[in-house]
Amino acid sequence: MSDRRRSSPWKTPEAVRTYVSGFLWLIGILIVLGTGSPDISGWLRVRLDAAGLVFLAAALIGGWNFFPKGIRAARTLKLDMNFLMTVAIIGALLIGEPLEAAAIAFLFSLAELLEHSAVVRARNSIDELIRLTPEQATLVEQDGSESTVAASELKKGAHVRVRPGEKVPIDGRVLDGESAVDEATLTGESVPIPKRVGDPVFASTLNRDGFLEVVAVTDAGDTALDRIVRLVREAQTRRSPTEQFVTKFARYYTPAVTVLAAVTMLAPPLLGMGSALTWFVRGLTLLVIACPCALVIATPVTVVSAITSAARNGVLIKGGEYLEALGGVCAMAFDKTGTLTYGRLEVTDVVPMSGDTNEDLLGLAAVVEARSEHPIAKAIVARVGTSALQNASDGGAEVTDFRARPGRGVVARVDGTEVRVGTLELFPDLPVPDRMLELERQGKTVVLVGRDGRVAGLIALADTLRPEAPEVLRQLRRQGIHEQVMLTGDHEYVARAIAGRLGVDKVFSSLLPEEKVDAVTELVADHEGVAMVGDGVNDAPALAASSVGIAMGGVGSPAAIETADIALMADDLNMLPYSRRISRLARRLVRFNIGLALGLKLLLAAGAIGGVVSLLVAVLVGDMGASIAVTLNAMRLAHLRP
Ligand code: ADP
Ligand code: MG
């Protein structure tokens with residue numbers, strides 16, 4: 001990173017040559033103004049007066065930046081803009097236009113510098129994120145004493161103290177204390193998140209009010225923030241489809257223009273339509289205008305700006321191709337649990353069906369669910385309480401043969417008795433209990449608890465719909481995502497109850513994990529592009545099957561960051577419309593920029609052939625002007641906020 005910083009494009013030898021060339025060009029103009037305008041319409045008249053020499057020097061020094069490249073291009077027949085400009089300068093000198101030759105050399109060099117620095121700046125602005133990590137940390141030694149160390153030297157397992165108002169120096173877990181932490185640097189959201197013992201905290205986030213003691217769970221340099229920055233850097237180097245297309249386009253475009261310029265120089269004079277000199281100048285002007293620089297940088301400069309700007313607002317886009325794809329999708333599939341809902345379930349009803357008490361039924365389920373990571377399992381265990389579970393296992397409840405059946409439930413033996421908790425699929429041949437349907441119509445998730453193959457009762461759980469979900473879906477619809485689909489492993493009734501409140505178009509329910517993948521694959525076949533939004537952990541295969549996989553709540557889950565094409569750092573659906581907005585704007589800007597560059601060049605080219613656009617105007621407007629306009633346009637992305 002540091003050597004990148006050192007190599008500022010404004011301090012390279014190329015830059016110095018550009019300054020010298022510009023300086024000489026100005027001097028030349030001053031001389032011309034002082035001695036009266038030289039006649040610049042003469043034929044092959046190399047003026048050896050003072051101004052002419054100064055211009056010549058300016059042209060050669062500035063041109064030194066691209067002559068070698070231009071000559072190499074000509075030798076390998078890969079005609080590019082360096083070649084065009086080299087020819088233009090030699091041509092301008094040949095016809096005795098040293099002022100123009102110097103102008104081309106200086107302005108083209110300057111334009112190259114500006115472009116280069118714009119891209120470098122956009123790339124480097126991601127480094128500002130890294131600088132958000134504090135430099136020092138308060139380390140707690142074995143004996144309890146404190147010492148101040150460099151945050152960059154913290155190792156996994158280190159104990160650090162974070163005072164109110166300080167930034168967390170490393171990713172860790174809270175060992176002691178309570179506070180609210182502002183995670184805006186990672187998630188883009190500045191609502192403080194409450195932190196208690198056991199909660200994760202992240203490097204660069206701001207400890208608002210409490211005193212926290214934290215144990216590091218990563219080494220310095222490998223925090224969530226570091227990973228984000230690494231991924232963004234990688235993303236910036238990947239070429240988007242448009243960029244690849246433009247590069248290919250330029251490969252045919254330049255030779256075509258060269259031929260056109262040659263025809264312009266030769267054909268009209270041969271047909272007796274004017275002097276050879278007039279048409280030579282016009283052909284030369286055409287060459288300058290045709291320089292594809294603005295065209296070539298239009299896409300990368302826009303894409304890099306968009307990716308960097310998004311990252312700073314908590315949306316990690318892993319490449320230009322995904323940015324472009326998200327702007328183009330017209331369908332979006334959502335996983336229900338954890339995406340449209342919080343995925344934090346609570347037990348609402350307990351219905352024993354063969355004489356157990358509520359506590360016995362819950363306890364039976366909980367002993368088995370204690371082994372599962374599923375939100376349903378966590379909710380049941382939470383309801384029973386870990387201490388009660390502890391007592392149960394101390395009391396001798398022995399769990400063997402535990403098996404998780406993804407999308408269905410869990411099965412195990414408790415003291416030799418087979419216990420199942422899950423969907424009807426775990427209970428073949430069982431008639432659906434009326435009570436189950438009734439609870440499901442209320443939008444609750446119902447699991448059956450079975451003992452030795454018979455149903456012992458039902459447990460109903462409810463999830464909370466994210467309050468922002470309906471509005472977010474409406475916004476997405478306004479943004480052109482017309483097909484919205486919900487995918488869930490939950491039962492049809494539950495799915496419909498929730499879908500009704502959201503206004504989604506289609507619901508696929510009772511899906512097993514592999515069926516979710518099939519559903520997405522089908523959607524992809526029917527639509528031009530389909531984005532899938534999920535939690536990135538359970539849904540990884542479905543995310544991979546979609547055109548753009550978007551994972552929620554990424555900051556706490558490295559797996560989600562890894563699997564998704566786009567990761568939302570905040571656990572907030574509002575980041576979806578923002579992501580769509582930035583990708584749409586980026587797409588529009590890319591197109592507009594390409595259109596602008598092409599349109600401007602076309603207009604100037606017509607003017608050049610007609611003889612109303614001079615060589616100087618061509619360099620100023622057609623080359624440098626277009627590049628600057630394109631770059632400034634791309635900068636607009638930096639200011640887009642969620
Ligand atoms: P979702 O698509 O809502 O994330 P899953 O595919 O994870 O759902 O699970 C689908 C269904 O399988 C759940 O609604 C539940 O009925 C059942 N199930 C899955 N795991 C468990 C578990 N550990 N305990 C009880 N039921 C489970
Ligand atoms: Mg899920």
task: Going by the side-chain contact (heavy atoms from CB on, under 4.5 Å) test, name the single residue among Asp349, Val494, Leu461 that passes it with Lys444.
output: Asp349
- prompt: In this structure, which one of Val201, Val215, Val168 forms a side-chain contact (heavy atoms from CB on, under 4.5 Å) with Val174?
  reply: Val201
field: Interatomic spacing from CZ in Arg196 to CG in Leu212 - rounded to 0.5 Å
entry: 12.0 Å
- line: Which of Asn574, Leu573, Asp572 passes side-chain contact (heavy atoms from CB on, under 4.5 Å) with Leu576? It is Leu573
message: Can you tell whether the side chains of Asp490 and Arg496 come within less than 4.0 Å, N to carboxylate O?
response: no
task: With side-chain hydrogen bond (donor to acceptor under 3.5 Å, both in side chains) as the test, would you mind laying out the steps for Tyr342 and Asp463 before giving the verdict?
output: CA-CA 7 Å; Tyr342 280 113; Asp463 197 350; over 6 Å; no
message: Pairing donors with acceptors under 3.5 angstrom, does anything connect the side chains of Gln484 and Arg477?
response: yes
query: Do the charged groups of Asp199 and Arg173 touch, with an N to O distance under 4.0 Å?
result: no
query: Hey, mind stepping through Glu418 and Arg413 against salt bridge (Lys or Arg N to Asp or Glu O under 4.0 Å) and telling me if it holds?
result: CA-CA 4 Å; Glu418 195 211 45; Arg413 288 189 176 277; 5.2 Å; no
No-hydrogen, no-angle side-chain donor-acceptor test under 3.5 Å, Ser510 and Glu492: no
Side chains of Asp518 and Thr521, donor plus acceptor under 3.5 Å: no
- prompt: If we ignore angles and hydrogens, is there a donor and acceptor under 3.5 Å between the side chains of Glu324 and Ser583?
  reply: no
Any side-chain heavy-atom pair of Pro241 and Glu321 under 4.5 Å: yes
